[in-house]
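Submitted below is the structure of interest, expressed as structure tokens.
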Amino acid sequence: MPETPTEPRTRRRLDMSSPVVWAASALLVLLVFNAVVNPGFFALRIQDGHLFGSPVDVLKNVAPTLLIAVGMTLVIATRGIDLSVGAVLAISGAVSFTIIDGSSDPTSPATAAVAIGTALAVGLVLGAWNGFLVSVVGIQPIIATLVLMTAGRGLAMLVTDGQIITAENPAFDWLGGGFVLGLPAQVVLTLLVLLVVAALTRRTALGTLIEAVGTNPEAARLAGVRSRSITWTVYVFVAFTAAVAGLMTNANVSAADANRAGLFIELDAILAVVIGGTSLAGGRYSLTGTVLGALILQTLTTTTLTMGVPDEYVRLFKAVVIIAVFLLQAPRIRAALGRRRRSARTSTSPAVPVPAVEGDDVRPLTPASSAEPADATAAEPTTTDQGALR
Amino acid sequence: MTATDSATGTAPAPAPERPDRSLGQAAYAWLRRTDTGSSTFSVLVTALLLVVLFGAGTLRYENFGYPQVALNLLVDNAHLIVLAVGMTFVILTGGIDLSSGAVVALSTVIAASLLQKGWAAPLVIVLVLATGTLLGWAMGAAVHHLQLQPFIVTLAGMFLARGLCFVISEPSIPIRDDLFTGLAQNVIELPGNTYLTYGVLIALVVVAIAVYVLHRTRFGRTVYAIGGNEQSAGLMGLAVGRTKVAVYAISGFCSALGGLLFSLYILSGWSLHAIGMELDAIAAVVIGGTLLTGGSGLVVGSLLGVLVLGTIQSLISFDGGLSSWWTKITIGVLLLVFVVVQRLSTRSSR
Amino acid sequence: MSTAAPRPAAAPVVEMSGITIEFPGVRALDGVGLRLFPGEVHALMGENGAGKSTLIKALTGVYRYDSGTVTVDGVEQQFATPADAQAAGISTVYQEVNLCPNLTVTENVVLGREPRKRGSIDRRASRERTRRVLAELNLDLDPGSILGRHPIALQQLVAIARAVDTDAKVLVLDEPTSSLDAGEVAELFRVVRTLRDRGVAILFVSHFLDQVYEISDRMTVLRNGRLVAEHRTAELPRLQLVQEMIGRELSTLEHLEREPAHEAPADAVPRLRARGLGRTGAIAPTDLDVHAGRVTGLAGLLGSGRTELTRLLFGADRASSGTVEVDGRPVKLRTPRTAIAEGIAFCSEDRKGEGVVGDLTVRDNVLLALQARRGWLRRIPTKQGDELVAKYIKALDIRPAHPDALIRNLSGGNQQKVLLARWLLTEPRLLLLDEPTRGIDIGAKAQIQALVSQLASEGMSVVFVSAELEEVLRISDRITVLRDHRTVADVDGSTATLDSVVDLIASGGDRA
């Protein structure tokens, strides 16, 4: 997203190498396929002033995952990852329902406000904890967030005392089942967060600085970027999105199940980000890609279900698609594709820059070079037998 | 730096020949090396933690001290021990395997469904083990040859394995095969009215083999070398690629074997078995003192790590007042402590 | 030492001839030859970019060469991997020790070649073999200790022990002494001599002239990927060596056009005053004054400590001793941010690793430092940013003049200009430039030199580091000469000549 305003419109026309274009095409293919196989797929009907239909279902079901995926995008852009979002989601739900359940006036809007506020605050604290471990203590993100992933569900059950808490609070339930202008509240809320993030990263310099930290941490440090506080901020933010998602999913079923709520949602969110073309190696990110990635995953599920594919094949089908996407993103395979594209371009454009190779400074064996996929491989001397050394 | 600095004198005499060290000298040398950063020290800490936890249980709950309680740690966690052994190989090279829980489930489902169809048990066992190994090998090949991150590759493997589970059978299938039920129900009687299961025996054999392979074969030392510095290992002429692929194959094999032991333990195959078991295995490995960055750690540590997790579980089940979720919280806290301490110790030694 | 001169009658153990290696756009080696005889220490000399490392990598199987031959003991070889080269008896000890710090000394010596008994590793035999090798080298080390616990110097000796254990005929030492102290170097040289006397051919690369003269019997000089000459060390005066490495006849350099010296009141408080500033293992305590409106050049060979000193002035590395004053105020340069707040800017010599943010556009790269100083919340307004970027693209002649091009697609010279623009935007009062003109074409180089002069005349202080002495001489008002991690002289830029500076570098200031 932050890159869009600065990209020259002329060059943007249809860059087939862009992963966002790939993701968009994949989604398009899926939608067209649906339209052909199941003409009723796009049928929308209005009932009680609210929209219903498969597309609305897709949007509603994707909302919590997408919300978290948006936060995850920023974390991944800084070369990080957050495994604990599922646990944070469960804790957020548990906290809010426990407050409503224990309140003297469980149905009042004030109670809902307290519950929501507390749950979000808890989310922020948990995010700050993850951020502290990663940016200050310097623990690898996978491991730092693994701690909360493991302990978090225990904490959620501690809050709910191991019970599935059900509570009815009209104001709170609106988060899960309410409608705004005929659209599910979940969808509207997610869109809202998405817009805020897009604005925040585009209207401020946050997006650029995140990308700088993720692309070249040392260069960012030497340029005076406050890498530590930026890293910290993204972990707080992703936990915030997880807390909001926790409120939505639990409100949707009017119950907090500390054991099951948000199970595997961290993996879905990471998948959405990666399918959207943001590399796990950090750097350039695309919120548009993440939205597309999340929609692809959800549409895939809905498609297989509406097609009447037996339920048990859905997971396998998804796994195969995901593996295909990962394989397409493999540095080796990308480099092979890129080489073909590059050589085609060389013949047309004389302005292809020559990578500066500086005698003694050629260090193609440093591990760092493998972190920069396409460019680094292209700049490496072809005479080197890299394979033998890896 | 350590005491060895004194060895860099400017006028070194020829090193004295010490062909046969006495036991005392060897013990002294070992102790001198066992400082706070070494893997033996980490294992000692884990062992101490195990003793303290178990001791606390014995003091607090009157039946906790029975020998069978201790043996049940092994009986209840045989599958996890095998899983942790495979995970140790992968983590020692600096990788990770998120697929092992799903492979356990896949193994139980394959075994249960084939046995239900009347296949011969030995054939089923071979097939299950081959499937797990093949899946692990494929993931290792993707990690090495395609240079994908282990996290992503094994995540995809996890989805694939779970997906296959559902295709084979969604509902839980009971196992009624004679060999399986026989292995599950017959126990090895031990003196003092105690017993062990055959699963425990298998798990301990796996641990022994792993110790041998890691410490007494070139392959094992290459595993450590890769974890220490992969680039150096390549420049030293070691078979880095082959070894990296092999550790994932080993982890896949161990997951499949763990799955078989797990199916003996609960005599059913179900797609939703062993959800999150890979996290337990990783936690056990970390608590056992293995560095997640690779290159340092012992299989015995992972065994102790599993037993620590098991002890926490028994403590909580013995205490009627403590609820089951305290297990997760305690494991998380332990994980945190070990990770932070590891981080601080590696930071200071550099 | 050099009495153990090569016996020209003996056949060389390694003979490389006509080695050519091309990287995309660059011919890194052009028909280079090298002969190594048994029982000699052979120094490979050359400045940055001369092709030393590339030649070593060609010999040790890391790179494949495009043409030429390598013969070992008269047999032509083409090594595909380092393992192949090792099997042929060529072992290498790299600057950054390429062993496994997590394993024991014994394992690092025998790894991959462990003695085995009935299929499993015979640990006792491994230990004995290691002990024997260590004893041969007169090293008293516990074979069972963990390698990473030892100082780098000892780790390096273990790497040599590993080479000895392979019965290497040729031992390549690639800058083994760059992070060792005097005592450790002496220990290393003792081992090297032991091996030489046993008939091993040793290829030695170092930037320390004293060490080269102390240990080597012969040397090969490279420059710009070409062979300059092969000499007996005893017959080669230092001055001639430096001239050959730098590549100019001194007489022709006298007539270099000089930039006018920038005026500066010598009595004023210096903009930056460093006293005893040093960092253990990188640079000995150094005094340095940088005045407003003047260019201070740091001259010295690669590895002399010029980069290390510059990094300390920016807080990129933390100093272990000394004080820094800016405009007479004591400041603590703990991080780059504190230095930036003092108006200091720094262009690293490692453009790719520490300068450009490859995934970002030229625009974002130009604005990065200014934006970082403003914090993420106060984004530079689009219009203002566009104007600034456009201004500097024009002023510095950055091509393509496209703010939205990805910086990684620019040539080295243009990347460097972008980095300069990044810092000029912050309006620094002290600009630290480490090798700003390395690896970029002549045109861009001249532009950058002119820019530096202009900035200084406008009142900016500049610290200019370059491997090219002419450049330093031409640009600097004051030149600090470094050698072997310490300052050896401080000379006036207007009176210094290439002769005098080369002499200072070669002699270490003893004769100055």
Side-chain angles (χ1 to χ4, degrees), chain B residues 1-21 26 29-30 32-35 37-40 92 212-222 224-240 291 293-297 346 349-350, chain C residues 60-62 81-87 92 94 96-105 107-108 110-114 116-117 119-124 127-128 131-132 134-151 153-154 157 159 162 166 183-184 186-187 190:
Chain B
M1 302 279 173
T2 50
T4 42
D5 276 20
S6 57
T8 56
T10 40
E17 286 293 319
R18 288 172 292 188
D20 279 300
R21 290 193 295 186
W30 182 79
R32 210 179 59 161
R33 248 168 263 143
T34 307
D35 53 28
S38 67
S39 47
T40 32
L92 278 176
Y212 173 81
V213 167
L214 279 176
H215 295 277
R216 288 303 176 102
T217 66
R218 285 189 186 171
F219 168 77
R221 299 326 289 168
T222 306
Y224 279 90
I226 291 174
N229 188 336
E230 188 173 334
Q231 198 192 340
S232 290
L235 287 173
M236 287 162 102
L238 304 178
V240 172
L291 286 184
T293 42
S296 171
T346 50
S349 75
R350 284 296 140 94
Chain C
T60 56
V62 180
T81 64
D84 287 357
Q86 275 168 32
T92 315
Y94 297 92
E96 63 286 6
V97 183
N98 271 290
L99 295 177
C100 295
N102 57 324
L103 300 179
T104 63
V105 171
E107 285 183 307
N108 273 294
V110 301
L111 206 57
R113 303 183 310 270
E114 297 93 340
R116 285 189 284 196
K117 204 160 68 183
S120 54
I121 294 174
D122 185 344
R123 292 217 247 183
R124 171 176 295 236
R127 205 164 47 227
E128 286 314 314
R131 193 166 284 147
R132 220 164 32 238
L134 293 177
E136 272 179 48
L137 301 179
N138 264 329
L139 295 171
D140 186 18
L141 263 178
D142 178 1
S145 54
I146 300 287
L147 183 78
R149 304 292 171 79
H150 295 296
L154 273 181
L157 293 174
R162 176 178 171 84
T166 59
E184 292 168 336
E187 177 75 4
R190 188 185 58 68

With a 4.5 angstrom heavy-atom cut-off, could you sort out which part of Glu114(C) is near chain B: side chain, backbone, both or neither? both
Write down the atom of Val240(B), the atom of Gly234(B), and the distance for their closest heavy-atom approach.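 Closest pair (atom of Val240(B), atom of Gly234(B), distance): CG2-N, 3.6 Å.
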Tell me, please, which residues at least two apart from Arg162(C) pass side chain to side chain donor-acceptor pair (under 3.5 Å). none
Give, as side chain, backbone, both or neither, the part of Leu111(C) having an atom under 4.5 angstrom from any heavy atom of chain B. both
Looking at every non-hydrogen atom in both residues, tell me the closest pair between Ser120(C) and Tyr212(B) and how far apart they are. CB-OH, 2.7 Å
Under 4.5 Å between any side-chain heavy atoms of Met236(B) and Leu99(C), yes or no? yes
Residue, of Gly227(B), Ala225(B), Gly237(B), that accumulates the most heavy atom pairs under 4.5 Å with chain C: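 The residue among Gly227(B), Ala225(B), Gly237(B) with the greatest pair count is Ala225(B).
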If I measure from the heavy atoms of chain B, does Asn108(C) come under 4.5 Å with its side chain, its backbone, both, or neither?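 The answer is both parts of Asn108(C).
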